[in-house]
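Inspection log for the structure reproduced underneath, given as structure tokens.
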Amino acid sequence: MAGERVETDEGRYDYAQVERKWQEAWVAADMYRTPVAGNRPKYYMLTMYPYPSGDFHVGHWYAMTPADTYARYKRMRGHDVLFPIGFDAFGLPAENAAIKRGIHPRVWTMGNIDRMRAQLRTMGTMFDWAREVVTCQPEYYRWNQWFFLQFLKRGLAYKKHAPVDWCPSCQTTLAREQVVGEDRRCERCDTPVIRKDLDQWFFRITQYADELLSFDGLDWPERVKAMQTNWIGRSEGTQFRFEVAEESFDVFTTRIDTLYGCSFAVLAPEHPLVERIVTAEQREAVAAYTSQATRESDTERMSTTRERTGVFTGAYAKHPMTGQPIPVWIADYVLVTYGTGAIMAVPGHDERDFDFATRYGLPIPRVIEGGELPYTGDGKVVNSGPYTGLDSEAAWNAIADELERRGIGRGTVQYRLRDWLISRQRYWGTPIPVIYCDKCGIVPVPEADLPVILPPDAEFRPTGESPLLHDQAFLNTTCPQCGGPARRETDTMDTFVDSSWYMCRYVSPHDEAAPFDRLAADQWLPVDTYTGGIEHAILHLMYMRFFTKAMRDLGLVSFSEPALRLRNQGIILGENSEKMSKSRGNVVNPDDLVARYGADVVRMFLMFIGPWDQGGPWNSRGIEGIVRFQQRLWRSCLDAAAASGGAHPADAGLRRALHQAIARVSGDMDRFAFNTAISALMTLLNEVGSYRDAGGNSGELLREVMSALTRMIAPMAPHQAEEMWRRLGGSGSVHLQAWPEPDADQLRQERVTVVVQVNGKVRDRVEVPVDAPEDEVRAAALASAKVQAALGGRPATKVIAVPNRLVNLVVG
RNA sequence: GCCGGGGUGGCGAAACGGCAGACGCGGGGGACUUAAAAUCCCAGGCCCCGUGAGGGGCGUGCGGGUUCGAAUCCCGCCCCCGGCACCA
């Protein structure tokens with residue numbers, strides 16, 4: 001660790017030499033090995049592991065620099081810190097790139113990982129590489145398979161024939177979460193998805209729908225919580241039965257108070273009952289409508305601007321309250337995938353039902369007072385038999401009670417959340433560990449036979465069928481139960497399975513007996529602070545929460561949430577405030593920046609731009625300010641190392657500025673306000689400059705100040721701080737030093753400046769002894785000519801005094 | 001439509017209900033230099049008065065309110081960004 005001194009050119013800081021030297025020294029000293037079973041409090045800092053796309057762009061730097069800075073800060077604050085890294089190495093881009101270049105996805109992926117590891121080292125990050133996790137390796141993905149088998153045993157994994165979303169470009173099914181926007185596009189490639197009916201594997205995330213709505217005890221951004229809450233989409237309502245001759249169907253409604261206003265019912269065209277109740281006269285029209293509705297894409301069907309259409313089935317249901325026959329229609333505005341796939345239509349109090357009734361001449365009764373029809377608000381219930389006169393809420397409860405008493409209805413909760421479709425018809429993923437036997441049916445691969453290895457030589461080009469289907473050696477196997485010939489499942493898992501539990505793998509990344517070691521998990525987990533992009537607000541972050549709850553119910557962990565605190569970085573835009581992209585020509589390459597400015601400057605500038613969750617445009621001139629700061633810092637350091645003067649009248653002021661800075665920077669670091677932490681350090685350095693200008697040259701004080709400043713800047717500029725620490729005579733690594741503590745005594749001043757207001761307007765400032773009694777402050781204020789002028793001879797009727805800050809004189 | 005986050009100088013931004021604009025960028029003035037770069041110093045919201053030191057008014061998207069005092073809290077709007085949406 002005892003690095004040689006770097007020769008400097010007339011005091012100019014040579015970042016290239018210093019950074020190279022310390023990066024090598026840190027590796028040699030194994031600086032960032034995670035402590036094993038320390039007696040200091042633990043801190044698990046986690047940043048979302050990157051996808052090995054080939055090169056880090058400046059957005060990765062923006063994401064990772066504060067995470068690294070915070071991990072370093074927590075270590076200096078006395079914690080044992082776990083700060084691991086790995087690669088999210090399965091997934092479509094590897095296949096696509098491999099197809100384009102004719103190389104194997106593994107070769108492409110592992111080559112990228114090598115390059116990205118080197119880039120991460122140039123950032124000066126303190127990742128513990130001994131714990132690196134690469135998800136495309138069998139040592140990792142075997143545990144995906146193991147989890148799948150545990151889920152299967154518990155009914156948390158199941159196979160179902162269902163209408164699913166298919167991306168025609170990626171040639172695979174997708175989870176509902178991977179279909180985005182009003183026009184339902186593939187999250188990855190932006191192609192509109194189509195609907196297919198397929199047998200697919202699902203994880204039963206809906207079992208945790210209610211629990212996923214609770215964020216108690218979590219310090220997560222409001223927008224992430226809101227997005228997940230929206231996505232889960234909980235509605236409380238009533239489910240009840242309509243009878244149609246010998247048949248019946250259930251409907252779900254959130255407005256049971258409007259039941260008397262139900263003048264017809266609507267089934268989704270795909271509803272299984274349609275075929276059984278349709279009358280002979282209507283059969284042809286219904287069949288025509290249904291086949292057209294199924295042929296239409298979701299985009300057309302979901303359009304809110306189109307006319308509502310439907311067809312009468314010829315059947316009548318019995319209104320559960322009035323006993324009146326009401327017509328049963330089919331219409332594509334009722335979705336088979338939500339609720340029961342059937343609704344009671346209340347045209348007087350629902351806009352969609354109103355439009356439909358208007359178009360087809362159905363009656364539109366009013367049962368709630370207020371407004372023009374359709375009136376969708378609450379109010380007094382009318383035309384509702386015995387419930388007439390109640391307000392909506394009372395009627396809601398009373399009608400629901402009656403339905404329940406009569407055994408035809410009950411209060412239920414519906415969620416928009418769907419189970420997580422994990423099957424993918426692609427090559428580069430974890431094989432699903434299931435075997436199909438003609439005799440025994442679906443047979444799980446025995447745990448002892450894991451991992452089911454992804455065959456390295458399969459033809460991986462996408463065809464719409466699973467590539468593994470064409471790999472005979474993989475496909476054909478024997479049944480673990482009867483020993484007869486059998487076939488393997490050829491779909492692979494969604495890569496979001498990999499990232500749902502990787503935070504656990506880091507605690508014991510080489511464990512061969514279990515996905516993770518229970519003792520190590522109890523020591524480190526859950527994650528204390530998790531950082532990453534907002535784009536994962538629903539996908540990864542919800543899946544990870546689901547997995548954690550499932551792991552808890554499997555008895556694997558004792559906590560219910562994976563990460564206690566979440567912080568999302570914003571997006572760094574190009575200099576023209578547009579999204580960075582090659583086609584726009586506004587991409588900022590971090591390697592070029594590091595070559596030109598050094599890692600420390602890039603790190604500091606990215607944190608100085610503004611609040612981290614806000615992102616913002618790159619500013620190639622702004623970075624020069626950080627370069628100047630770096631050089632000033634360096635000169636002040638050399639200066640302090642050489643200073644030999646004694647005590648000076650300005651000492652107290654500088655010492656106070658130091659302790660103010662310590663208090664400020666500590667608070668800013670705690671709350672992830674890196675931009676203001678850096679400005680506080682700049683202010684302190686400016687104070688050092690003023691002290692020198694005033695003639696101060698106390699060697700002892702300057703070294704004390706610069707030592708604290710060096711330690712405070714160490715998490716942000718790790719290389720320069722390490723070099724400065726040596727120049728100031730420090731021993732050991734600066735990164736193993738204790739964070740400076742503010743000293744309240746040093747913050748005390750003899751005299752303070754108090755603002756004097758008259759009627760809330762600032763009129764003057766007076767200097768008084770610290771903690772001066774109110775009388776004295778008031779007297780000083782009244783002694784001011786400016787204050788007297790503002791008072792204009794009127795006496796103060798009221799005096800508000802904030803000690804050491806402000807006095808406000810109120811006149812009539 | 002529902003939900004969440006925003007709106008402060010030329011720009012990026014600061015500000016436990018208590019001096020709005022810290023810190024930095026850019027531009028302006030000056031020092032050093034033959035000159036430039038680098039570095040350092042000064043001024044720096046807008047408007048008005050004053051030759052000047054200085055003084056006054058206005059000012060945090062808009063309109064109200066609470067308060068001795070509001071960028072900050074409350075009510076009602078406008079605009080921008082993000083999420084959800086024929087979800088019954």
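Note that these values count all heavy atoms, side chains included, but never hydrogens, waters or copies made by symmetry. Convention: sequence-line order gives letters A, B, ...; per-chain numbering from 1.
- Minimum interatomic distance between Tyr260(A) and His319(A) (heavy atoms only, all atoms of both residues): CA-NE2, 4.0 Å.
- No side-chain N or O of Tyr597(A) forms a donor-acceptor pair with one of Gln630(A) less than 3.5 Å apart.
- Between Tyr360(A) and Trp329(A), the gap from one ring centroid to the other is short of 6.0 Å.
- In the model, Asn576(A) has a side-chain atom that pairs as donor or acceptor with a side-chain atom of Asn586(A) under 3.5 Å.
- Judged by distance alone, with hydrogens and angles left aside, the side-chain atoms of Asn804(A) form a donor-acceptor pair with the main-chain N or O of Asp771(A) at under 3.5 Å.
- Residue contacts for Lys225(A): at a heavy-atom cut-off of 4.0 Å it reaches no nucleic acid atom on any strand shown.
- On the C1' atoms, C2(B) is 36 Å away from G9(B), given to the nearest whole Å.
- Among the atoms of the strands shown, base atoms are found under 4.0 Å from some heavy atom of Val802(A).
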In dot-bracket form, how is RNA chain B paired, counting a Watson-Crick or G-U wobble pair only if both its distances are under 3.5 Å and using | for bases paired to another strand?
(((((((..(((.....[....)))..((((.......))))..(((((....)))))..(((((..]....))))))))))))....
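- Residue Thr337(A) is classed as having no contact, given no heavy-atom separation below 4.0 Å to the nucleic acid.
- Among the heavy atoms of the strands lying under 4.0 Å from Arg223(A) are primed sugar atoms or P, OP1, OP2 only; no base atom is included.
- In this structure, Arg621(A) reaches the sugar-phosphate backbone alone: every heavy-atom distance under 4.0 Å involves primed, P, OP1 or OP2 atoms, never a base.
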Taking only N/O atoms, report every protein-nucleotides 9-12 of chain B pair under 3.5 Å with atom names and distance.
from   : atom 1 : to        : atom 2 : distance (Å)
G12(B) : O2'    : Ile609(A) : O      : 2.5

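- Arg632(A) comes within 4.0 angstrom of the backbone, heavy atoms only, and of no base.
- A donor N or O paired with an acceptor N or O is found under 3.5 Å between the base of C19(B) and the side-chain atoms of Arg765(A).
- If you check every strand for non-hydrogen atoms under 4.0 Å, Val755(A) touches a base.
- Aromatic ring centres of Phe672(A) and Phe674(A): separated by under 6.0 Å.
- Residues from residues 536-544 of chain A placing a heavy atom under 4.0 Å of any atom in RNA chain B do not occur.
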Show your reasoning for whether side chain to side chain contact (heavy atoms under 4.5 Å, CB included) applies to Leu685(A) and Phe629(A).
CA-CA 9 Å; Leu685(A) 188 62; Phe629(A) 173 59; 3.6 Å; yes
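- Residue contacts shown for Asn686(A) are limited to sugar-phosphate atoms, with no base heavy atom under 4.0 Å away.
- Using modelled atom types and a 3.5 Å distance limit, the side chains of Tyr338(A) and Ser235(A) yield a donor-acceptor pair.
- Among the heavy atoms of the strands lying under 4.0 Å from Arg635(A) are primed sugar atoms or P, OP1, OP2 only; no base atom is included.
- Taking the six-membered ring where the residue is Trp, the centroids of Phe605(A) and Trp618(A) are separated by under 6.0 Å.
- Side chains of Gln720(A) and Trp634(A): a donor-acceptor N/O pair is absent below 3.5 angstrom, by distance only.
- The side chain of Thr254(A) lies closest to A88(B) when the candidates are A14(B), G4(B), A88(B).
- G55(B) and G7(B): their C1' atoms are spaced 33 Å apart (whole Å).
- Among the atoms of the strands shown, none is found under 4.0 Å from any heavy atom of Arg692(A).
- To the nearest whole angstrom, the two P atoms, one in C23(B) and one in G17(B), are 22 Å apart.
- Counting any heavy atom pair closer than 4.0 Å across all strands shown, Asp353(A) reaches no nucleic acid atom.
- In this structure, a donor-acceptor pair under 3.5 Å is present between the side chains of Arg545(A) and Gln228(A).
- Remark: the Tyr333(A) side chain and the Thr309(A) side chain contain no N/O donor-acceptor pair separated by less than 3.5 Å.
- At a threshold of 4.0 angstrom between heavy atoms, the contacts of Arg628(A) are confined to the sugar-phosphate backbone, with no base atom among them.
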